[in-house]
Trainee: 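One structure follows; several queries about it will come next.
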Protein chains: 2
Amino acid sequence: MKATIKDVAREAKVSTATVSFVVNGIDKVKKNTKERVLLAIQKLNYVPDQAARAMIKKKTKTVGLIVPLLTNEYWAELAEQIQEELILRGYTLMICTAGMKSAELTINSLLERNVDGVILSGRIASVPDDHYIQMFMERRIPLVSIGQIHKEVTSVWGDNLNSSRELVEHLIQQGNTKIAYIGSISTGIGRELGYRNALAIAEIPVDETLVRNGKLEDVHNFSQYGYHTMKQLVAEKCEFTALFGANDLIAIGAIKALQESGLRVPHDVAVAGFDDIAMAALYSPSITTVKQPIGEMAGSVVAALIEQIEQPDGPSMVRKIRFPMTVVVRESSISPKGGYKN
Amino acid sequence: MKATIKDVAREAKVSTATVSFVVNGIDKVKKNTKERVLLAIQKLNYVPDQAARAMIKKKTKTVGLIVPLLTNEYWAELAEQIQEELILRGYTLMICTAGMKSAELTINSLLERNVDGVILSGRIASVPDDHYIQMFMERRIPLVSIGQIHKEVTSVWGDNLNSSRELVEHLIQQGNTKIAYIGSISTGIGRELGYRNALAIAEIPVDETLVRNGKLEDVHNFSQYGYHTMKQLVAEKCEFTALFGANDLIAIGAIKALQESGLRVPHDVAVAGFDDIAMAALYSPSITTVKQPIGEMAGSVVAALIEQIEQPDGPSMVRKIRFPMTVVVRESSISPKGGYKN
DNA sequence: TTGTATGCGTTATCAG
DNA sequence: CTGATAACGCATACAA
């Protein structure tokens, strides 16, 4: 049987209130008594029940994280970092993978468990987009997001626009002018805009047949999406000498497709991705990409969220925190090549 | 303000007990009353408070999952599948990544939150191995594991021994006799034994200089470990024509190292991995590996755990459930080659 | 069929 | 400094 505060009180021959004081570090207990209590706690292996505590304090010390899935290294790392950050501040994390059929059930459990706040990243599947955001806001549950999601929500995100522009400029500097883009709704508009801006600045007209934007829940399989889209591009005999994939998995899938079609990367086609997942450095060829400062972003969202949680009455402005990201040049983009004409 | 059961009762002009009956589907409420209650619930956006419910029921409907990290696709997928499985049965999952410095804090929070059960997979960092297992057992918290961890714990695992034997036999059939092995403490002994068995059956003596076993917490960076170990192997001028990496990331790291040393895979060295993470199929060359039936394994652990949770008095034998796994042959192992002699 | 009363483990408010 | 005791939100035995 699990020991309760009463058991400890009995064991130490004090009242439950005294035990509570000791447990919570409220310093008005005589040293002597305190030690007796501590001893009893240890002897009985007492651990305070968070549920009971939550009832009166109206704080569960729990926050929810909603991500599309965990099998994408980007979100996995985000989740890890956020958990680390939260635990050090005394909070527990509940992760919801919203990409599955059970998304609604999972998110509902956040409500039932009265999380103190929610961190949102990426889109939620199978539900009208703003639905849950509305729900959290109505309930006054502090909400922050990673990536732009809603204008009234404090959010932290990377500067997709400028970094993808830089990345595409790098491709242009390598001598490429026919540059394809493969993105999707869930990779956001910023990266595509950066691509367009870079071309505009270099006065290269955009060939719309080279711009591909998947609409769907390819979120579960970016690599597959990249693979198929590249196969199409090749099948349609599009002319291009470089590809900007809106994330690394898309880029990897595309490289696979290129190689199967007998095209070499970077010799025939230069490729760049986005996010700098670990695999980007490990892939063969290693992939030129943009590194997101995930650790810092995690620290930043957590700080913003906790601030909101712990001073709920304050003005608590909606903030938009943008992080610069850095282009990482690797093998996949840096080689002289003859170009690909089909 | 969040609506409570009292608010609903007042709104519907019934007692709290009646509301509770409706909420819990206890069918002794007149249809008429029931509808009034349902209406009030909807109007007030009432969601029952799990903390309060947990207090009386002594069940939190929460289970903890302890994995080393999430940025390894294997564990990420496991976590996803387990969550899906649990949520459908009305449970919520709390994921602990035990590979970080904060491991103890995280696991402690499972205790504080009174999880109904725990699923354990992989090793826990920074703590004497059995410490937490002991703790859970002492507290009679139902515990199951993925992979062999403790003989008194029900566990589900893949048949590493036989599948890795099959895999190595495949390498032998391809004409390799000098086969290196790179594993680590955290990949378990089974895979190494399978390797040794395959060699024994083929009457190939084991060259111990080709067997590498990292002792440490390389768990965070299998690929890096594979990379460095392969670099060593090459630097030491070891003779081998094939490599069995105890998981796919190790294999990928090793391939990277081989390529940097000017060796081609599979032309000069054949490589095989283990787990069949998504990247195994996407890598270039695609990687021969062993596919773990993660979905089925997840279903199986969850079933076993919930059985233990929901009939805690029953005999509840310790069970060992073994799943067969299948060898997946891909590019990295299938090619005629000249062999590598340094 | 519905309502009343009690207790779950904790903290906070008062007395002492 | 320490001890009683009243909440917190809910489920349930018992009463009506």
Side-chain angles (χ1 to χ4, degrees), chain A residues 1-41 44-62 90 92 109 111-116 139, chain B residues 1-41 44-62 90 92 109 111-116 139:
Chain A
M1 210 47 215
K2 218 177 75 77
T4 75
I5 200 171
K6 278 186 189 164
D7 300 325
V8 177
R10 200 179 313 121
E11 175 75 24
K13 300 194 194 308
V14 295
S15 77
T16 60
T18 307
V19 178
S20 180
F21 291 146
V22 173
V23 168
N24 293 288
I26 290 163
D27 207 20
K28 51 176 170 179
V29 184
K30 222 196 302 175
K31 202 165 186 180
N32 200 322
T33 337
K34 185 173 179 178
E35 276 173 11
R36 236 171 43 240
V37 172
L38 253 19
L39 218 67
I41 287 178
L44 300 178
N45 249 303
Y46 168 72
V47 176
D49 181 339
Q50 290 296 338
R53 185 176 276 177
M55 280 240 290
I56 34 176
K57 295 254 233 180
K58 307 258 177 223
K59 289 289 171 200
T60 53
K61 286 285 181 179
T62 305
T92 300
S109 77
L111 258 29
E112 291 174 344
R113 289 193 149 75
N114 283 308
V115 289
D116 292 339
R139 291 180 181 248
Chain B
M1 210 51 213
K2 220 176 72 78
T4 74
I5 199 171
K6 276 187 193 166
D7 301 324
V8 177
R10 197 177 318 120
E11 175 76 24
K13 301 193 192 309
V14 296
S15 76
T16 61
T18 306
V19 178
S20 179
F21 293 146
V22 172
V23 168
N24 294 287
I26 290 163
D27 206 20
K28 51 176 169 179
V29 183
K30 223 196 299 174
K31 202 164 187 181
N32 201 324
T33 333
K34 185 172 179 177
E35 276 173 11
R36 235 171 44 240
V37 172
L38 253 18
L39 217 67
I41 287 178
L44 300 179
N45 248 303
Y46 169 71
V47 175
D49 180 339
Q50 290 296 336
R53 186 175 275 180
M55 280 241 290
I56 32 178
K57 296 254 242 181
K58 308 262 179 218
K59 289 288 172 201
T60 53
K61 286 284 182 179
T62 305
T92 299
S109 77
L111 258 29
E112 292 173 345
R113 294 203 145 67
N114 283 309
V115 290
D116 292 340
R139 294 184 179 245

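What you are looking at is a predicted structure, and each value in this text was computed from that prediction instead of being measured. Just so it is clear: chains get the letters A, B, ... in the order the sequence lines come, proteins before strands, and each one is counted from 1.
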Trainee: Donor-acceptor pair, distance only, cut-off 3.5 Å: does the side chain of A/Thr16 make one with the backbone of A/Ile5?
Mentor: no
Trainee: Which whole-number value in Å describes the distance from A/Lys59 NZ to D/dG9 P?
Mentor: 14 Å
Trainee: Nearest whole angstrom, please: distance from the C1' of D/dC8 to the CD of B/Gln50.
Mentor: 16 Å
Trainee: Could you tell me from which nucleotide to which nucleotide of DNA chain C, 5' to 3', there is an atom under 4.0 Å from chain A heavy atoms?
Mentor: C/dG9 to C/dA12
Trainee: For D/dG9, take OP1 and OP2 only and decide whether either is under 4.0 Å from a side-chain N or O of A/Lys58.
Mentor: yes
Trainee: Report yes or no: does A/Arg139 contribute a side-chain atom to a donor-acceptor pair with the main-chain N or O of A/Leu111 at less than 3.5 Å?
Mentor: no
Trainee: Check the distance between D/dC1's C1' and A/Asp27's CG and give it to me in whole angstrom.
Mentor: 11 Å
Trainee: Specify the separation, in whole Å, of atom NZ of A/Lys57 and atom C1' of D/dC8.
Mentor: 13 Å
Trainee: Round to a whole Å and report the spacing from CZ of B/Arg53 to C1' of D/dA11.
Mentor: 9 Å
Trainee: Are B/Thr62 and B/Arg113 close enough that a side-chain donor and a side-chain acceptor fall under 3.5 Å?
Mentor: no
Trainee: Please give, in whole Å, the distance from D/dC8 P to B/Met55 CE?
Mentor: 12 Å
Trainee: Using atom NZ of B/Lys61 as one end and atom C1' of D/dC10 as the other, report the distance to the nearest whole Å.
Mentor: 16 Å
Trainee: Are there any protein N/O atoms within less than 3.5 Å of an N/O atom in nucleotides 3-5 of chain D, and if so, which ones and at what distance?
Mentor:
from  : atom 1 : to      : atom 2 : distance (Å)
D/dG3 : OP2    : A/Ser15 : N      : 2.8
D/dG3 : OP2    : A/Ser15 : OG     : 3.4
D/dG3 : OP2    : A/Thr18 : OG1    : 2.6

Trainee: Expressed as a whole number of angstroms, how long is the span from A/Asp49:CG to D/dG9:P?
Mentor: 16 Å
Trainee: Is there side-chain contact between A/Asp49 and A/Thr4, with at least one heavy-atom pair below 4.5 Å?
Mentor: no
